Amino acid sequence: MGAQKTILRALAGETLPTPPIWMMRQAGRYLPEYKATRAQAGDFLSLCYNPDLAAEVTLQPIRRYGFDAAILFADILLLPQALGADLWFVTGEGPRLSTITDQAGVDALKPADAIHDHLAPVYETVRILSRELPSETTLIGFAGSPWTVATYMIAGKGTPDQAPAHALKDENRVAFQGIIDRLTEATVEYLSMQIEAGAEVVKLFDSWAGSLKGADFTDFSIEPMRKITAALKARHPGIPVIAFPRGAGTGYVGAHAAIGADCIAFDDSVSAEWVAEHVQPGGCVQGNLASSHMVTGGDTLVSETRRIVDALSNGPHIFNLGHGITPDADPENVTLMIETVRNG
Ligand code: CP3
């Protein structure tokens, strides 16, 4: 029997008359119900580690909009925390972590199979969701890619150009490669447990892939994602993988095959027409609508949405944004986007 859920059909390579839809950061601060549950949890990390409340915020956008997929509510930085890093969030500024600057920092990380106690609440969230989601909704698990997670572990925070990670890569290749390898192993363990708990698809977020140039892009974006995908597919035959090498530009060409991924998510720095010609022949694609349209709405939102749907209509496509929806977005614009995708 073939996969029935629309997202799974698109991931299997089927061209559907209407693309299924979900949205990066669909559970987030643009929704009043998210803000209420987050306030109830106390802070962002307490929300991530409370399975009932994390499942609740994951379900909120499904109830409100009927998206075709739900993405587990968690964060890519929970994994470094499970490996022993300190992690906290500064309101209005973003994440902070203890930093790794040398081999001693790499050696101090916990082994990959020691992460599960710390991450048990995340697996419990997945179990709750796989019970509670509507039967037509696909559950997506996720992790950060090793490079993107490493940029935060090395700098101790988000950086506009990922300069500290580039510096360690160029000055101490052994320690840098050590971090990438440890994260690659731990990500396989983490995503395997999400799949065992009920995730039907997994996505790798390489949000900072665009700052890796030339051979570095191949070695530190593509290669770790290829290893993770191969290991997951060996353990869980048939599990679909979405990879998001954000900002890859021409690096999107051939990315399905290079990573072994079923779907490549792409940002808004390339056009949907270009992706249809150069990327979609490799498999399912997802993404592109600029998140800013969720703030501005109106005729431009409608015309841009139609343009993406039309451009990608001759191959497998999941409708999504080019990056996460922002806190200043208007929830009504999400309704307008969904109606435009579904009703033309
Ligand atoms: O997409 C989803 O809805 C699933 C949940 C999810 C979150 N973060 C929740 C979140 C996912 C998939 C992520 C991924 C993530 N986290 C990435 C990669 C994707 C991307 O957006 O580029 C990165 C780089 C992070 C690290 C991170 N987490 C940062 C830099 C921040 C602060 C930025 C901000 O928007 O404030 C977070 C916090 C975070 N993660 C929020 C949410 C909903 C906002 C937290 C809040 O409620 O205050």
Side-chain angles (χ1 to χ4, degrees), residues 21-50 53-62 64-65 67 69-81 85 87-97 122 125-126 129 139-153 155-160 162 165 187 190-191 194 199 201-211 221 225 242-248 265-269 286-287 291 294 320-329 334:
I21 317 174
W22 69 281
M23 212 171 57
M24 280 185 271
R25 291 274 170 101
Q26 62 191 21
R29 287 165 292 179
Y30 73 106
L31 289 179
E33 59 268 37
Y34 170 84
K35 284 193 269 197
T37 308
R38 187 179 181 283
Q40 193 187 337
D43 57 48
F44 174 66
L45 282 177
S46 305
L47 179 54
C48 291
Y49 288 116
N50 181 320
L53 296 184
E56 167 58 23
V57 293
T58 307
L59 290 164
Q60 285 168 348
I62 308 304
R64 186 191 265 256
Y65 297 115
F67 284 115
I71 183 160
L72 163 70
F73 188 84
D75 196 83
I76 65 165
L77 301 178
L78 305 186
L79 181 63
Q81 193 180 30
L87 171 69
W88 66 103
F89 280 78
V90 180
T91 310
E93 290 185 33
R96 294 289 181 276
L97 294 93
V122 177
T125 306
V126 176
L129 288 167
L139 178 56
I140 304 176
F142 74 92
S145 75
W147 160 249
T148 288
V149 176
T151 66
Y152 290 91
M153 294 174 82
K157 59 182 179 182
T159 46
Q162 298 79 55
T187 303
Y190 183 36
L191 291 177
Q194 291 184 27
V201 175
V202 293
K203 177 167 175 183
L204 289 165
F205 284 86
D206 204 356
S207 305
W208 299 119
S211 80
S221 178
M225 292 201 282
I242 305 173
F244 181 32
R246 186 166 75 95
F266 63 106
D267 64 280
D268 58 7
S269 70
Q286 162 193 291
S291 315
M294 294 302 155
N320 206 313
L321 308 181
H323 201 195
I325 188 167
T326 52
D328 53 346
V334 178

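Bear in mind that the values here come from a model prediction, so they are computed numbers and not experimental data. First listed ligand is number 1; within each ligand, the first listed atom is number 1. Because only heavy atoms are used, hydrogens play no part in the values below, and waters and symmetry mates are left out as well, while side chains stay in. Numbering of residues begins at 1 and proceeds along the displayed sequence.
Heavy atoms of P95 found under 4.0 angstrom from ligand 1 belong exclusively to the side chain. Proximity of Q26 to ligand 1, defined as any heavy-atom pair under 4.0 Å, is confined to the backbone N, CA, C and O atoms. At a heavy-atom cutoff of 4.0 Å, ligand 1 is contacted by the backbone of L72 but not by its side chain.
With contacts defined as side-chain heavy-atom distances shorter than 4.5 Å, the pair I62/Q26 qualifies. Proximity of E33 to E56: side-chain heavy atoms (C-beta onward) are nowhere separated by under 4.5 Å. Side chains of T187 and L79 form a contact here, defined as non-hydrogen atoms less than 4.5 Å apart. By the 4.5 Å heavy-atom criterion applied to side chains, M23 and P61 are not counted as neighbours. The shortest distance between side-chain heavy atoms of V126 and L139 falls below 4.5 Å.
In this structure, the protein non-hydrogen atom closest to atom 39 (C) of ligand 1 is F44 CZ, 3.4 Å. From the protein, the heavy atom lying nearest to atom 35 (O) of ligand 1 is R29 NH2, 2.5 Å. For atom 5 (C) of ligand 1, the closest heavy atom belonging to the protein is A74 O, 3.6 Å. Protein heavy atom nearest atom 14 (C) of ligand 1, with residue, atom name and distance: I76 CG2, 3.6 Å. Regarding atom 21 (O) of ligand 1, its nearest protein heavy-atom neighbour is H323 NE2, 3.1 Å.
Cation-pi check for K157 over Y152 is not met; the charged atom does not lie both under 6.0 angstrom from the ring centroid and within 45 degrees of its normal.
Polar contact check, R38 against ligand 1: a nitrogen or oxygen pair lies under 3.5 Å apart. Among the atoms of S207, some N or O lies under 3.5 angstrom from an N or O of ligand 1. On a distance-only criterion, D75 and ligand 1 share at least one N/O pair closer than 3.5 Å. Below 3.5 Å of separation, one finds an N or O of R25 facing an N or O of ligand 1.
Proximity of F244 to ligand 1 is not established, as no heavy-atom distance is less than 4.0 Å.
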* What's the verdict on side-chain hydrogen bond (donor to acceptor under 3.5 Å, both in side chains) for W22 and Q286, showing C-alpha distance, side-chain angles and the deciding distance? -> CA-CA 9 Å; W22 69 281; Q286 162 193 291; 3.0 Å; yes
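Of the protein's heavy atoms, at least one falls inside 4.0 Å of atom 43 (C) of ligand 1.
Between Y34 and F73, the distance separating the two ring centers is shorter than 6.0 angstrom.
Ring geometry for Y30 versus Y65: interplanar angle under 30°, hence parallel rather than tilted (30 to 60°).
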